[in-house]
Every structure is written in structure tokens, then in C-alpha cells.
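Residue numbering restarts at 1 for every chain, and letters A, B, ... go by the order of the sequence lines. What you see is a predicted model, and the numbers here were worked out from it, not measured in a lab.
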There are 2 protein chains.
Amino acid sequence: MKTYSISEAAKELNLTAYTLRYYDKEGLLPFVERTPNGTRLFKAADIGALKIIECLKSTGMPIKEIKHFIDWCSEGDSTLQQRYDMFLERKATVEAQMEELKKTMELIEHKCQYYKTALEAGTEDIHKDDKIEIMS
Amino acid sequence: MKTYSISEAAKELNLTAYTLRYYDKEGLLPFVERTPNGTRLFKAADIGALKIIECLKSTGMPIKEIKHFIDWCSEGDSTLQQRYDMFLERKATVEAQMEELKKTMELIEHKCQYYKTALEAGTEDIHKDDKIEIMS
DNA sequence: GCTTGACCTCGAGTTAACTCTAAGGTTTAC
DNA sequence: GTAAACCTTAGAGTTAACTCGAGGTCAAGC
């Protein structure tokens, strides 16, 4: 079974060894085992778990909340409902983020258009009396 | 022409007055005028500009970079190219974020499914020997 | 005229998430 | 057998983006 040193794991996950140690200190990696002399040994499954952690982080979930999830995982089947609820809530969050991002994209595309025409005209004045809409 | 006090502007933008003063301190609001005694007076156009600022912020752009954009706006037509380029770059960033978010969503939906079936079975063991794929 | 409340500035404090340093132990390479 | 390249820990430092407190100004209402 392949294992990874902390720096190999870091490279695999696009993180630094510092960050992994920090996660461990914050209680996110109770499953990572050690060699007799204390060196962390990451298994493939640990890398997988870290990918879930990164996924949760990318939804804006703070580390302390991710720790709750990790704790639930350690507690076993009695916490299945909590974990399910958490992912449902994350799903709603991500859906909202997608909506937001779509609106952001629209505004940015509008601005690209705005500056494209201004650039062609050599001046922003070309948009001086664009409709009095929400945003020009 | 309608104007807004700092707290009205804050409410309009879902920010706090503290945050607006902080933005001002960071040079993001050079266009906001003052009454003779120093009170900020936000015009409708200022609220609009702040919405652009919030839009840029939501793409993960740091305040210092947003300031560059504000500075360019003050400098006039000679900076049209920079501003256009900036929005093109933002567009690319947002496209990448959308891709990321889609992947995140897939993983989360997978996990929702995973916990739904585990919950129905009463135990996570139901997934014990799921394929040895990337992530179960 | 005096209190109340909203505004102001300046500078300090907070928080999250790293990021690094110091001091030391272990393993590998020649 | 020693140097390089890892690893460990505890704890300090950094950064961004707020967030707040103290002390002051000013206009409105009683």
C-alpha cells in the first residue's frame, strides 16, 4: 500500500507541508498515522479525505466547522444524519454561490463590452448618455 | 438628486458603515463627496460604483488591486486599455471559478447520495467495497 | 441651552488561515 | 562519519479585511 511523506502529500494536494501540519494541529487529520519516530505517513485514503476537506474549504466552510465533520466521521454511524444534513446544506450553499457567480459574470461581461466600445471610440464619453439603467 | 448618508449607503449595499469608511481609507472611494463639515454624501452613481467594487471583490480580487482600477478610472481615457484588460482577466478568473464550483458540486452531490443510502441502510458499511475509484 | 444621535478621525484590536523560525532528531548518499 | 534533506514540536509572525472604541463635531428637537 503506497504511502506519502508530508511533502509528497502536500505536492499531491497543491498545499504546503506547513499547511498540512496546521490542519493536523487543528484536528482535521486524526486518521493520519505515524512511524515509530513520529513522522506522519499519509495513506491513499488520507489523501482522499484531504480532497474532501479541500472541497469543503472551497465552499467557504471554515476549518472549525470542517472539524465537526471529521469528528462525526470518527464517531461512526450514529452521526450519519448530521453528515447528510451538512452535505445538503453545503449543496444549497454552492447553488447560491453559482447564482452569485452568474450575476457577477454578467456584470463583468457588460463591463468588457463597455470598455471594448470605449477603446474603439478612444474615449469613455461614448457611453456618456447610456440609458439610466441600474448599471452601465 | 438623491443622496445617501453613510449608514443608508451601507444598508443599500449590505455592508456596514465601518466597512465603507475602511474602503475610503484604502482609497477606494475618492469620488465620494463631503458636506462642508466633512460628512460623506453618497450619490446614486457612487452606490453604483460600489456595486462594481463588490462585484470585483466577489471574484476574489484583493482591495489593493481594486484600488488600481479606481485609480485608472480617475486618470481618464489613457487607461482604457488597462481597464479593459483587467475585466478580461476577471472574466477568465470567474470562468475558472465556475469550473471549480461545478467540480465541487459534483463531489458534494456524490456525498449526498453516499449519506442518503448509508442512512437508509443504517450504516456506512453499505459502501465498504464501493469500487476503488477516485473518491467514494 | 442642552441632550441625543449620527456623523467624523485615528489608531488599536480581532480573526482566520496560514507561514515561518528555532531547536533538535533521523535517514540517505557518498 | 558527516552533510544534506528530511522530519518533529512549540510558538511567534504575517496578512487581509474588517471591526471597534475613544474622543470630538454638529444639527435637530424639547
> Can A:Lys2 and A:Lys43 be said to form a side-chain contact (heavy atoms from CB on, under 4.5 Å), step by step?
Replying inline: CA-CA 7 Å; A:Lys2 167 131 201 237; A:Lys43 300 177 288 311; over 6 Å; no
> Given atom CG of B:Leu28 and atom P of D:dA16, what is their separation to the nearest angstrom?
Replying inline: 14 Å
>> Using every non-hydrogen atom in the two residues, find where B:Cys55 and A:Thr104 come nearest and quote the distance to one decimal.
In response: SG-CG2, 3.7 Å
> Side-chain donor-acceptor pair under 3.5 Å between A:Tyr23 and A:Glu54, yes or no?
Replying inline: yes
> What integer distance in Å separates B:Tyr18:OH from C:dG13:C1'?
Replying inline: 13 Å
>> Exactly one of B:Gln82, B:Arg83, B:Gln81 should register a side chain to side chain donor-acceptor pair (under 3.5 Å) with B:Thr79. Which one does?
In response: B:Arg83
> What residues, two or more places apart in sequence or in another chain, satisfy side chain to side chain contact (heavy atoms under 4.5 Å, CB included) together with A:Lys102?
Replying inline: A:Glu99, B:Met98
> Whole Å only: how far is the CG atom of B:Asn14 from the P atom of D:dA17?
Replying inline: 19 Å
> A:Tyr23 OH to C:dA16 P: how many Å, rounded?
Replying inline: 15 Å
> Rounding to a whole Å, what distance do you find between B:Glu65:CD and D:dA16:C1'?
Replying inline: 13 Å
> Roughly, in whole Å, what's the span from NZ in B:Lys25 to C1' in D:dA17?
Replying inline: 11 Å
>> Measure CG/A:Leu56 against C1'/C:dA16 and give the value in whole Å, please.
In response: 17 Å
> What string of B, S and - do you get for nucleotides 4-9 of chain C 5' to 3' if you count protein non-hydrogen atoms under 4.0 Å?
Replying inline: ---SSB
>> For a quick check under 3.5 Å, do A:Glu109 and A:Tyr114 share a side-chain donor-acceptor pair by atom type?
In response: no
> Roughly how many Å is it from CD in A:Glu26 to P in D:dT9, rounded to a whole number?
Replying inline: 14 Å
>> Does C:dC20 have its OP1 or OP2 closer than 4.0 Å to a side-chain nitrogen or oxygen of A:Tyr22?
In response: no
